[in-house]
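In what follows, a single structure is set out as structure tokens and then discussed.
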Amino acid sequence: MTSINFGLASLVLNLLLGTGLIAVLRYKIQARAADKVDFDAIVAALTEQRDNDRTRIQELERRSESWRPRSVGLRIARDLDPFPSWVVDLQDCYRHVNREFERLFLEPHRKTYRDIVGKHHGDMWPEPFCRTLKALDAAAHKRPDGTARATTTVDIPRIGKATVTVHVFPVRFKGAVVANAGYITTFDLEQELIG
């Protein structure tokens, strides 16, 4: 009888263990299925995002290309100006100088426009000329027509002292002054260059 009990106990134990093992295995399989990532859905989402980004990039490139001729045209137009000109921000920091400015004032010192952009009037001109520029900027901001000019002397490399007229005006964006621009017309310098 003990062998029957033992056999029965062994059978019951095997059934319980087998059923338990099956239950554990079934649970693990279901857990893996739940944890299984749907790679097809992820690839589809990433592909859609990539395609949207490509479309945005192409649109930005198209816009950028449409601005390029305009900016080149503006640069050429400014560089064809026979008078030295500049644009400074509200802290008197140079943001742009044209080709004639570069030719007259920078090249004799073996510099280019890149050497002056980011610098201030005081880095370029003697103190009396800087005071004249500052006074002209202030006067131009107050005048209804937004312009101011003064005749003064300035040392032009390779030529020497010249009597020049300095013109300045504020650059406005939606009515607010965002920069100051200026240019120099000359009296003596023109005679030197023509003669």
Side-chain angles (χ1 to χ4, degrees), residues 56-195:
R56 278 190 234 125
I57 288 169
Q58 289 170 344
E59 176 61 22
L60 290 173
E61 286 174 346
R62 187 189 62 73
R63 286 182 186 177
S64 173
E65 287 301 316
S66 73
W67 280 97
R68 189 178 312 253
R70 293 180 216 171
S71 64
V72 168
L74 288 172
R75 178 73 188 182
I76 289 171
R78 295 275 318 221
D79 285 347
L80 291 176
D81 191 346
F83 302 110
S85 64
W86 63 88
V87 175
V88 293
D89 62 22
L90 297 179
Q91 289 75 39
D92 295 328
C93 186
Y94 283 92
R95 296 297 166 204
H96 172 80
V97 296
N98 73 345
R99 178 70 186 112
E100 189 64 9
F101 186 102
E102 184 178 33
R103 188 181 73 74
L104 284 177
F105 300 112
L106 300 175
E107 285 179 359
H109 300 291
R110 296 181 183 191
K111 294 183 178 185
T112 69
Y113 71 92
R114 288 183 181 97
D115 295 311
I116 193 67
V117 170
K119 301 283 183 13
H120 295 87
H121 283 315
D123 299 321
M124 177 71 200
W125 306 107
E127 183 55 36
F129 193 73
C130 290
R131 282 195 306 270
T132 299
L133 292 173
K134 192 168 216 50
L136 286 171
D137 288 343
H141 289 211
K142 293 176 185 173
R143 290 179 49 117
D145 67 354
T147 64
R149 70 174 181 260
T151 300
T152 187
T153 59
V154 66
D155 187 30
I156 300 175
R158 297 187 186 147
I159 295 173
K161 288 232 181 268
T163 300
V164 298
T165 302
V166 180
H167 307 259
V168 298
F169 55 94
V171 177
R172 298 178 192 277
F173 180 74
K174 296 185 178 183
V177 175
V178 295
N180 294 303
Y183 60 96
I184 296 174
T185 57
T186 62
F187 299 122
D188 295 338
L189 180 60
E190 288 175 6
Q191 296 303 318
E192 292 285 337
L193 293 177
I194 293 171

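Between the CG atom in Asn98 and the CZ atom in Arg103 there is a gap of 10.5 Å [rounded to 0.5 Å]. Atoms CE and CZ, from Met124 and Phe129 in turn, are 9.0 Å apart once rounded to the nearest 0.5 Å. Expressed to the nearest 0.5 Å, how far OG1 of Thr112 lies from CZ of Arg99 amounts to 9.5 Å. Taking OG1 from Thr185 and CZ from Arg149, the interatomic distance works out to 8.5 Å, rounded to the nearest 0.5 Å. Asp137 contributes atom CG, which lies 5.5 Å from atom NE2 of His121 (distance to the nearest 0.5 angstrom). Annotation: the span from Phe169 atom CZ to His141 atom NE2 amounts to 11.0 Å, rounded to 0.5 Å.
Residues Leu136 and Val166 form a side-chain contact, since some pair of their non-hydrogen atoms from C-beta on lies under 4.5 Å apart. Counting only heavy atoms from C-beta outward, the side chains of Leu90 and Val178 never approach each other to under 4.5 Å. A heavy-atom distance below 4.5 Å is found between the side chains of Trp86 and Ile184. Proximity of Asn180 to Pro170: side-chain heavy atoms (C-beta onward) are separated by under 4.5 Å at one or more points.
The pair Arg56-Glu59 fails the salt-bridge criterion, with no side-chain N (NZ, NE, NH1 or NH2) lying under 4.0 Å from an Asp/Glu carboxylate O.
Arg114 meets the salt bridge (charged side-chain N to carboxylate O under 4.0 Å, His left out) test with no other residue; sequence neighbours excluded.
Among all heavy-atom pairs drawn from Ile156 and Ala162, the shortest one is CD1-CB, 3.8 Å. In terms of heavy-atom proximity, Val87 sits nearest to Ala179 at CG1-CB, 4.0 Å. The nearest pair of heavy atoms linking His120 to Gln91 is CD2-O, 3.0 Å. Nearest heavy-atom pair, Ala181 versus Val171, reported as atom, atom and distance to 0.1 Å: CB-CG2, 3.9 Å. Shown here for Ala148 and Ala139, the closest heavy-atom pair between the two residues is CB-CB, 4.0 Å.
A tilted orientation is assigned to the rings of Phe101 and Tyr94, their planes being inclined by 30° to 60°.
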Check against side-chain contact (heavy atoms from CB on, under 4.5 Å), Asp92 and Lys134: CA-CA 8 Å; Asp92 295 328; Lys134 192 168 216 50; 3.2 Å; yes
